[in-house]
Structure formats: C-alpha cells, structure tokens
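A quick note: this is a predicted structure, and the numbers were derived from the prediction, not measured.
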Amino acid sequence: MSILVYTESENGKYKKSAFEVASYAKTVADQMGTTATAISFNASEGESLGNYGVSKVLNVSGDQFNTFNAEAYAKTIAQAVEKEGATTVIVSSSANAKYLAPLLAAKLKAGYAPNVVEAPSSTTPLTVKRTAFSNKGFAHTEITTDKKIIGVSNNAFGINEIGGSASVEEFSAQIEDADFAVKSLEVDKVAGKVSIADADIVVSGGRGLKGPENWGMIEELAEVLGAATACSKPVSDMGWRPHGEHVGQTGKPVASNLYIAIGISGAIQHLAGVSASKTKVVINNDAEAPFFKAADYGIVGDAFEVVPQLVEKLKEFKAQNA
C-alpha cells in the first residue's frame, strides 16, 4: 500500500505545485506508515522529487501526453493506482487537476475532498480540513470510501525539502484512441512570464487604470517583485487584457502569498476568487471601496502616483541588497 501523488509538469519541468503536493503526500504517508509514489507525464529529472519525500516516480512517456487530456490522464492514473495498490491519491488545485479529479474519482469509486488546507487530522477515518463557502469558512470532512482523493489548495501546505533521490521507472497504461476523443485545439499561454497558478505574488489591475495604455506600471511592478500579472473581470471583458489574466470567482482563483489589487473596487465575485491569498494589499483612491474591508493593508491614493513611487522604492531596496 502506498500514497500516489500526481505531480504536474510543463515542457518536461515540474511545476511548483508538484513540489507542494509531493511534500503533502510525504506527510500523509508518514501518518499512515507507508511511502509516497509519484506519477508524472513526460517529465524529466523525476529523481528530484525525492527531495520532497517521494520514494518512487512512475514516468508516463508519449507525444500524446504532451497536451493535458483529462480522460486519458485519469485513466492512466487509475491504472497506476491499481498497480501500486494505492488507497489515497493526492492532486493539486490547478485547473487541470480539478478537471481530472472527478473523472478519477468515478473510475476508482473514490471520495474526493477538494480545497484541503492542512494535513489530515485523522487517518481512521481520513479527516481533512478544507475551505468552503468561497473561502469564508472551513469544513472538516471525513472520506470513508476505500479509495480516497485529496485536492490540496495552492500555497496552503508549503514545500518541505528533506533531501534524497527517488527511483524512476517507466509506466505504460492501456490507453485507446477513444480516450483522446476530446482534443485541445489551442493552448494560449504568455511566454516568459510567471503564471498566476505558480506565482507567490500577483499584481492585479482594474478599471481604475482607465485604459490598456496604462498597464505598463502594473507590468513594471510585477517585474520588480517577480510576480504574475492579473486583472478584474471588467478589464478582460473590455479587451484591455487577455481573459487568461482574469482572476476571481468567475475567472482563475488566486491563492498567492501576496495579492496586490490596484484600481479594483472589490466586487463580491472578485473577492471570493482571491480570498485564499495570505496577504492582500489594496491601492485605490476610493476610501469606501469594498476591497478595503477584506484587505490586510490598504493605501487610499491615486494609483498613478502611488505605484511609480512604490516601484522606485522597491528598485532602491533591491539595489541596496544586491
């Protein structure tokens, strides 16, 4: 019996979330007195997962797996579960994992608990703490099925490096062409920038920036901080920014360590999608903006004056500490 953890990668490189779910899997494995095995698709340097507690890596190779396909990935992982005799599967809270997990749960007849923020408080029965009601509350959930799936919230558990190296073996599943019936025709990604899903810091702009021509200061602040850029729904709807940068309840969820909202009033849908961020900073010239009630820190002022000064101070700080 072992723990199986799905470790996501892109272009052969593991994502940050892979290290977090591997760390989580190691903790659960220790609680259960077993080991953690990872499954990856077309990833290189699988042995590096040993640094996060994984004992063995099953590497699935093939050009057909270069683009994520929920059905094919779920079928492959289900076969790996049976091979390893795993009773618990760990996944992240990425968009891909949230597509995959329900399909995998159906194949395994497994209970699935998403948005988990802590290691299990009990393993008999398996009891986990997870966010609920758009991160406004917590639920303590028992999974009583024979097989169990845990979806770990991004940036909730952290990354634990323990040293070591994992063994790597190739794994081939029985996959048919019909498993790839749904195909991705195009994947729209911004090259050379930090993705929202992997970012520790997100800098987001709203209608208060008045137009796309003013987005340079958002990108400059993000560059200084090593952050991802994002926007509110009205901004993407007006075509100022691509829809891939829209964050909130109806866009991409954000669970960064630091979220900076500039010129965003704080509609309830936006707040629900970013409330999992650990620290929220708001810059807005409207002292009555709803976002200030949810913020950890707030600056009432004109973004066109505040942000350039903030960028200048951060550059000075980086130069002094270089």
Side-chain angles (χ1 to χ4, degrees), residues 115 117 131-138 153-156 193-197 199-318 320:
N115 306 319
V117 296
T131 56
F133 305 110
S134 297
N135 299 311
K136 291 183 174 64
F138 294 102
S153 288
N154 296 337
N155 288 326
K193 294 185 178 181
V194 181
S195 70
I196 293 172
D200 285 325
I201 304 173
V202 174
V203 178
S204 189
R207 280 184 294 185
L209 291 177
K210 300 180 180 180
E213 68 277 4
N214 297 318
W215 222 261
M217 67 180 185
I218 297 291
E219 294 176 328
E220 187 177 14
L221 178 58
E223 183 178 357
V224 173
L225 293 171
T229 58
C231 68
S232 61
K233 186 177 187 297
V235 167
S236 63
D237 286 346
M238 290 185 291
W240 295 3
R241 300 299 295 172
H243 284 284
E245 290 191 6
H246 163 209
V247 298
Q249 192 172 37
T250 56
K252 291 183 178 179
V254 176
S256 57
N257 289 324
L258 174 61
Y259 181 76
I260 303 176
I262 302 171
I264 299 175
S265 61
I268 189 170
Q269 294 89 347
H270 188 87
L271 292 177
V274 304
S275 61
S277 294
K278 290 183 171 61
T279 303
K280 293 174 282 294
V281 177
V282 176
I283 301 172
N284 200 301
N285 61 5
D286 180 8
E288 301 300 320
F291 217 141
F292 282 114
K293 295 180 180 178
D296 298 285
Y297 301 95
I299 300 173
V300 179
D302 187 341
F304 296 96
E305 296 178 3
V306 174
V307 175
Q309 293 181 52
L310 179 58
V311 169
E312 182 181 350
K313 292 297 182 182
L314 287 170
K315 287 182 176 179
E316 290 177 3
F317 178 80
K318 289 184 70 174
Q320 292 171 0

Between C231 and W215, which heavy-atom pair has the shortest distance, and what is it? CB-CZ2, 3.9 Å
How are the rings of Y259 and H270 set relative to one another: parallel (under 30°), tilted (30 to 60°) or perpendicular (over 60°)? tilted
Closest heavy-atom pair and its distance - K252, G244: NZ-O, 3.1 Å
Nearest 0.5 Å, please: how far is OG in S277 from CD1 in I201? 11.0 Å
K278, NZ atom: more than 12 neighbouring heavy atoms under 6.0 Å: yes
Does the side chain of N115 reach to within under 4.5 Å of the side chain of S153, using non-hydrogen atoms? yes
So for atom CD, which belongs to E219, do other residues, nucleotides or ligands contribute more than 12 heavy atoms lying within a distance under 6.0 Å? yes
Y297 and T279: CA distance, side-chain angles, deciding distance, side chain to side chain donor-acceptor pair (under 3.5 Å) verdict: CA-CA 8 Å; Y297 301 95; T279 303; over 6 Å; no
Closest heavy-atom contact between P242 and S236? O-CB, 4.1 Å
Looking only at heavy atoms, which two atoms of S275 and K280 are closest? And how far apart? O-NZ, 3.5 Å
Is it the case that more than 12 heavy atoms not belonging to E288 sit under 6.0 Å from its CD atom? no
Which atom names give the shortest non-hydrogen contact between G205 and V235, and what distance separates them? O-CG2, 3.9 Å
Check D286, N284, V274 against F291 for a side-chain contact (heavy atoms from CB on, under 4.5 Å) and give me the one that passes. V274
Would you call H243 and D237 a side-chain contact if the rule is heavy atoms closer than 4.5 Å? yes
4.5 Å side-chain heavy-atom contact, I262 and L221: yes
Could you check whether atom CD1 of I268 has more than 12 heavy atoms from other residues, nucleotides or ligands sitting under 6.0 Å from it? no
In Å, rounded to the nearest 0.5 Å, how long is the span from CD of Q249 to NZ of K233? 12.0 Å
Beyond-backbone contact of L225 with I260, side-chain heavy atoms, under 4.5 angstrom: yes
Determine the sole option in V254, T229, N257, L258 for which the side-chain contact (heavy atoms from CB on, under 4.5 Å) test with V202 is passed. V254
At what distance, to the nearest 0.5 angstrom, does OG of S232 lie from CE of M238? 7.0 Å
May I ask you to test the M217-V311 pair for a side-chain heavy-atom distance under 4.5 Å? no
Nearest 0.5 Å, what's the CD-CG distance between E305 and N285? 10.0 Å
Within the 4.5 Å heavy-atom criterion, are I264 and V282 side-chain neighbours or not? no
Under 4.5 Å between any side-chain heavy atoms of V247 and S204, yes or no? yes
Which atom pair, heavy atoms only, marks the closest approach of A255 to N155? O-ND2, 2.6 Å
